[in-house]
> 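Encoded as structure tokens, here's the structure I'll be asking about.
A, B, ... follow the sequence lines: proteins, then strands. Residue 1 opens every chain. All values reported here derive from a predicted model rather than from experimental measurement.
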4 protein chains.
Amino acid sequence: MRRPGYGSEHTGRRPGYARADMSNHPSERAPTKSSAAHGSDRELRADARRNRERVLQIAQQLFARDGLGVSLDEIARRAGVGPGTVHRHFPTKEALYLAVATDQIEQLVEEAKALATTDDPAALFTLLSRMMASGAENAAVKSALAAAEFDLRTAAPDVAADLTRGVTDLLDRAHAAGAVRHDLTVEELMALVAGAFAAIRHAGAETSHERSAHIAQIILDGLRPRPR
Amino acid sequence: MRRPGYGSEHTGRRPGYARADMSNHPSERAPTKSSAAHGSDRELRADARRNRERVLQIAQQLFARDGLGVSLDEIARRAGVGPGTVHRHFPTKEALYLAVATDQIEQLVEEAKALATTDDPAALFTLLSRMMASGAENAAVKSALAAAEFDLRTAAPDVAADLTRGVTDLLDRAHAAGAVRHDLTVEELMALVAGAFAAIRHAGAETSHERSAHIAQIILDGLRPRPR
Amino acid sequence: MRRPGYGSEHTGRRPGYARADMSNHPSERAPTKSSAAHGSDRELRADARRNRERVLQIAQQLFARDGLGVSLDEIARRAGVGPGTVHRHFPTKEALYLAVATDQIEQLVEEAKALATTDDPAALFTLLSRMMASGAENAAVKSALAAAEFDLRTAAPDVAADLTRGVTDLLDRAHAAGAVRHDLTVEELMALVAGAFAAIRHAGAETSHERSAHIAQIILDGLRPRPR
Amino acid sequence: MRRPGYGSEHTGRRPGYARADMSNHPSERAPTKSSAAHGSDRELRADARRNRERVLQIAQQLFARDGLGVSLDEIARRAGVGPGTVHRHFPTKEALYLAVATDQIEQLVEEAKALATTDDPAALFTLLSRMMASGAENAAVKSALAAAEFDLRTAAPDVAADLTRGVTDLLDRAHAAGAVRHDLTVEELMALVAGAFAAIRHAGAETSHERSAHIAQIILDGLRPRPR
DNA sequence: AATGAATGAGCCTTCATTCAT
DNA sequence: CATGAATGAAGGCTCATTCAT
């Protein structure tokens, strides 16, 4: 554990006034690239996007290191922008959680899709290994979000469904090839991945990469078909 | 007095004052049983203890259901006491976390000790099963505490060490009997238990007991000796 | 998200957190005048500064009238700002004490410096008279701060040293001119000024200006060389 | 200054419910010794009085050392009694201030009365010297009380009047003998004594007895008749 | 009469969110 | 669009006071 004391948390500040819909907020407009139509607008967009990216990245780091409790002001300060700017891009703190989580999941979806094109029946294990190895940082964020009961399935059904679909495909293939125990469902699989994150995180930040891998391996071993 | 009210003063709220030694706080006095000497004294204690228990129990429930973010005022309200009473028993919020965590761990230690007296080489698995099955509530609290980087090893070294010792004993025996994979260390084992909690919790509160058991089983299977 | 509300979290209120470095707090940034570069920036600052001044002034009044015990909320209310605004300018209550005290001392330092440029060997007495006459309000604040053992010498060594230096200069000159008893040290002098404040204050707020002056005069007379 | 930070203060807790008259509270009954009529009652009284004395003494010490801000619980703890006992003797915190102040003043009144029986025209100075020398502890308490605008003249008119009367007598005699400047009134004199306390206190707790005496002397010198 | 547990108002501080510039 | 000052609702904690034992 990094610090003796505190960490992942969020304040549970009940917004009070501005709980409203976050619909036509700029950051909610689909980030299509097609909007790069006429010059001057695009120029500003570039700036704005750079800011958005920067805030997102800093937020990810700080959430991972200090938990969800870091203040938006702190994030703004470290990102070199004003608090107002953070709010322009992420109208509530929860929106920022969501963006961070989504960002990380999307990478996994990409990977799942890529692996889906191979023939390897054990592609599932490749994906799982990568997921589990994806580092303490990610694990920290996810673990914090999980503890905060921030449920991606509710908050961003699309992304979550995407991931589930990708994993399901790989799981089906593995089942077909007998590479995985027959009584394993996708839900259980996802839960176990979350568990792996937690386990690795619990082992401590100072834990060697090897030990993390070993923990992951043990869980993966549990997924193998049971010897009769 | 010049004015009817009060005058020059300041509250002397020393920021960080709560950090001071909490030694002679009632809840820190060793809970010796020798104090059960004469009736009236015991009677008074009983009331206080009842309150303490009640707060602890409510805190456990609320932490499990809503996370560590629940306010002490809320806990007090639900426990039917004033905020000051919570403070009397648990001088800081962290002390309350600690008490909740300790309370839960102590049960496990008891169980570990009990199992240590049997001859069963698979006693380890019995303990692990029980730990993992110990319910969503516990899992929720532990997961929340873990995510908050609340480190029991730092906060209550004694209890943590007790648990580790108990588990180590069982692990050694399992190793000797070849009931567990040879490359498993206690640290990994503890991490995996934490991971199991997270996994079960991730599966969702509405998950059936069976599914939880299945997830636990998968992790336990991973601990078995590898088939050569 | 599972539930509509929030989840596992804790607020991360670190007791004693306010003790952390207040370095890059706005009010700590050196008040350079160079920031008066371009209009819009200065405009914004003007608003903030107006607020700051207002809070400081109200605080001074209330501290003088009701003692250091007045709550920050009360000060905020009377200044027509929210508690957060007070905090923005004065991150802790002590910072506000300090600001009030510093504000008052700085005026004296100015005066001391001005008098230092004259040739009058009795300039010391002029300064002391002015200090003592500087009004019940100031006296009240200082007396309150002194009673609270708020030590300017520790809290703001620079300002305190400035004042001491100025007074020392004048005292030296007075010594040289034989205008003051030879056995008087700066420390004693400062203590006596504090005593004069207390005496005037003790005489009561409703005391006439004349009586205050008389009390001051008596103390000043004690500083004169002893008739042999 | 003893500690860098805080000190004399009181919390300004506005009692809310129990602001009522403190009349027929046991501690308000005149402490005549005649009530020692029948045995069993007298036995209890002795205990109670011992407790009262002890609390008073501890309160005096703590007020002097740490300011009026010390909590009643702390005082109770150090006095070896329960908080309830403190309240039995001093129903409000202010009552405790009053008792402490009164206790100290009464000693001075005794002294003044004793001196009033001598013929020494400079008896006034003897009294003043003693008052001023009466130690940092007393000064601390008085200064704290003064800063808190705790005005003995309002709170305990009798004792205050007693003291004033005694001092007036001595002042009159000194005036008659030409031992004191003719333009000095009792009110000024009392204010100056308060000022002397503050000055001595300001010089710091670590100040030598000699320096304290010197400061007192300077003030006393100011009281002497002006050389024409 | 003493104890000490309980109360609850209030304090200082934090921080998500809003809004004037 | 960005800035950063302002808001204000909590939150954790303290402590004078009350009351059951």
> Atom CZ of C:Arg88 to atom C1' of E:dC12: distance rounded to whole Å?
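From C:Arg88 CZ to E:dC12 C1': 18 Å.
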> Counting C-beta onward and ignoring hydrogens, is there a side-chain heavy-atom pair between A:Leu96 and A:Leu56 closer than 4.5 Å?
yes
> Which residues pass the side chain to side chain donor-acceptor pair (under 3.5 Å) test with C:Arg78, not counting sequence neighbours?
C:Glu74
> Separation of A:Arg77 atom CZ from E:dC15 atom P, in whole Å?
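Value for this atom pair: 12 Å.
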> Round to the nearest Å and state the distance from C:Arg50 atom CZ to E:dT21 atom C1'.
13 Å
> Would the B:Tyr97 and B:Phe90 ring centres measure less than 6.0 Å apart?
no
> Which sits closer to the 5' end of DNA chain E, C:Pro83 or B:Thr85, going by the nucleotide each is nearest to?
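Looking at the nearest nucleotide for each, B:Thr85 comes out on the 5' side.
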> Rounded to whole angstrom units, what separation is found between the CZ atom of B:Phe90 and the C1' atom of E:dA5?
14 Å
> Rounded to whole angstrom units, what separation is found between the CG atom of C:Leu72 and the P atom of F:dT7?
15 Å
> Got a second to check how far B:Gln57's CD is from B:Arg52's CZ, nearest 0.5 Å?
13.0 Å
> Separation of C:Lys93 atom NZ from E:dT13 atom C1', in whole Å?
12 Å
> With Watson-Crick and G-U wobble geometry limited to distances under 3.5 Å, how should the secondary structure of DNA chain E be encoded in dot-bracket form, using | for bases paired to another strand and [ ] for crossing pairs?
.||||||||||||||||||||
> Would you mind reporting whether C:Arg54 and C:Arg50 have side-chain heavy atoms less than 4.5 Å apart?
no
> I need the CG-P distance between C:Asp73 and E:dT13, as an integer number of Å.
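Whole-Å distance recorded here is 11 Å.
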